[in-house]
Amino acid sequence: MTPTSRANFGSRIGAILASAGSAVGLGNIWRFPTQTGENGGAAFILVYILCVLLMGMPVMISEFIIGRRGRANTAAAYRHLAPGTRWIWVGRLGVLTGFLILSYYAVVAGWTVEYTVASLLSRFQGMSGSGEFTQYFNRFVADPVMPVVYTVFFLVLTHVVIAQGVVKGIEKSSKVFMPLFFLLLLVLVGCALTMPGAGEAMRFLFTPDFSKIDSGVVLAAMGQAFFSLSLGMGCLCTYASYFNRNTRLGQTALSVGVIDTFVAIMAGLMIFPAVFSVEGVGVDAGPSLLFITLPSVLQSAFGSLPLLGYLFSLLFYVLLILATLTSTISLHEVVTAYLAEEFGLSRHRAAVLVTAGCSLLGTLCALSMGLLKPYTVCGMTLFDLFDFVTAKLMLPIGAFFISLFVGWKLERNVIAEELTNYGTLRFRLLRPFTLLLRYVVPVLIVLIFLNELGAGIF
Ligand code: PFF
């Protein structure tokens, strides 16, 4: 596709919803509670919010600038903006990161499909205590067949939407399903807050114990902020290449940041009351947390109303799949747009390559919970390794270079033009934005890395 014939998101709200659709996903509903549980609760959330404000927002606006100005896949965008330089490698690193994230993210996406099927078939009916849910989860992920089938199924589902093209596939699905998803999430939070552990959960989530903040917590919060906002790998940069001239970059970034953080906190409020209400689930249960507590919340909310419970749980899981799908689509799109535009492949063929490659790696990640569990690298299964390397290393490194690029390399008038929509509106925060990008973001990322290195955890 030549730069001039690129597709465009049809409306301003379409751009916001598509970006929010990318940002809101398993990162909020599954990974945020997991990380919060493993990193001490409220203290982690506090550092997380600081990371979103100080690093996430400036980097998101930067990706928007690079994408809309570069009007191409993330690698070519750098080539257009800084021809003949090595900056293109920042884009290529992003594509690789996207490919790796999609491979293991699809595994968790597959779990949501299993849970949808299980609620469709009423398999959770009659189960109570967390013991049964834990057993169910552990048995499922260790199975050598079904997790792989679901992982590949999810990738094929993503493929089908991608094949529909950007506007029809991405924009439309986000517009319809996101609002419905928020609504159901709110209902579930309401239910969770009536559980007996709600008080303890509130303390855990909102009363920070500052002694819990160490280098590992800060690194985890930074990684989670980039992961959850889809930053550091050119994803929102690719989406911004489909923005039109009227899309307000600052406003879009703010909306996405607020929506994403709101959904993450809501997910915390949905999960932790259940953690503190049912026996035998630790806050640090790790990746299984959501899949043990969510059925418990549903059970406790609708135990006495089986039909309503059945319908609600089914609808919720379906919407969780859709929220996940809007994220997998965005990951897939980064790699597909890159392969198609850089290697002159048809969109269709590029998409097939991405789906096939991710299916292969995804299969290995899925099996690393069962059959391949004994094979570890630095004590981590392949699944954990992919999560660690992408979220805690590659995304921050990507974000570091993105901030340097816009802060130091891109001309000031280009930045001003993009932020004011070519002089048609005011952007009051130009100076603070540039200062954050030049000095705060890159320095913080380096300090957080050095701090972690000093702690000897690598
Ligand atoms: N932000 C998504 C989530 O929170 O689920 C995951 C993700 C999508 C990460 C796209 C990175 C990305 F480029």
Side-chain angles (χ1 to χ4, degrees), residues 15-16 18-28 31-32 35 47-68 70 73-75 77-78 87 90-102 105 218-241 243 249-250 252-261 263-264 326-335 387 389-407 410 433 436-437 440-442 444-446 448-449:
I16 293 179
S19 310
S22 163
V24 173
L26 290 171
N28 310 59
R31 200 173 186 280
F32 178 79
Q35 294 288 315
V47 183
Y48 172 79
I49 290 177
L50 283 176
C51 289
V52 169
L53 288 174
L54 290 178
M55 295 192 264
M57 286 297 102
V59 172
M60 191 183 299
I61 296 175
S62 305
E63 289 207 21
F64 284 165
I65 293 175
I66 298 170
R68 185 165 69 173
N73 68 80
T74 174
Y78 287 95
W87 284 103
V90 181
R92 289 179 180 149
L93 174 75
V95 173
L96 177 65
T97 312
F99 184 69
L100 295 179
I101 293 183
L102 182 56
Y105 194 88
V218 180
L219 180 67
M222 171 172 74
Q224 175 61 21
F226 290 138
F227 188 94
S228 187
L229 295 168
S230 302
L231 294 177
M233 47 153 285
C235 176
L236 293 186
C237 171
T238 303
Y239 269 22
S241 74
F243 287 1
L249 302 188
T252 307
L254 189 65
S255 312
V256 175
V258 168
I259 294 173
D260 191 71
T261 308
V263 175
T326 48
S327 301
T328 53
I329 289 168
S330 70
L331 287 158
H332 201 296
E333 175 65 21
V334 172
V335 193
D387 183 75
V389 169
T390 53
K392 292 192 179 161
L393 298 180
M394 294 172 89
L395 292 182
I397 291 172
F400 173 79
F401 284 110
I402 288 168
S403 62
L404 288 190
F405 183 74
V406 176
L410 215 54
F433 168 71
L436 278 175
L437 267 190
V440 178
V441 178
L444 274 181
I445 294 176
V446 169
I448 293 172
F449 272 146

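Numbers for residues simply follow the sequence, beginning at 1.
- Legend: residues meeting salt bridge (Lys or Arg N to Asp or Glu O under 4.0 Å) with D260, ordered by chain and number and at least two apart, are absent.
- Minimum interatomic distance between L54 and V441 (heavy atoms only, all atoms of both residues): O-CG2, 3.6 Å.
- Of all heavy-atom pairs spanning G98 and V335, the tightest one is C-CG2, 4.3 Å.
- For F32, the ring-ring contact (aromatic ring centres under 6.0 Å, His included) test picks out Y48, with sequence neighbours left out.
- Residues passing the side-chain contact (heavy atoms from CB on, under 4.5 Å) test with L50, sequence neighbours excluded: none.
- Just one residue in the list V334, I66, I61, L231 forms a side-chain contact (heavy atoms from CB on, under 4.5 Å) with L236, and that residue is L231.
- Taking the charged nitrogens against the carboxylate oxygens, R31 and D387 do have a contact shorter than 4.0 Å, which makes a salt bridge.
- For S403, there are no side chain to side chain donor-acceptor pair (under 3.5 Å) partners two or more places apart in sequence or in a different chain.
- Rounding to the nearest 0.5 Å gives a distance of 4.5 Å between CD1 of I16 and OG1 of T252.
- With sequence neighbours excluded, the residues that form a side chain to side chain donor-acceptor pair (under 3.5 Å) with S230 are S22.
- In terms of modelled atom types and a separation under 3.5 Å, the side chain of S327 and the main chain of V24 share a donor-acceptor contact.
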Just distance, no hydrogens or angles: give the donor-acceptor pairs under 3.5 Å from side chains in residues 393-401, sequence neighbours left out.
none

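- Looking at E333 and Y239, their side chains come closer than 4.5 Å, going by heavy atoms from C-beta outward.
- A donor-acceptor pair under 3.5 Å links the side-chain atoms of Q224 to the main chain of G27, judged by distance alone.
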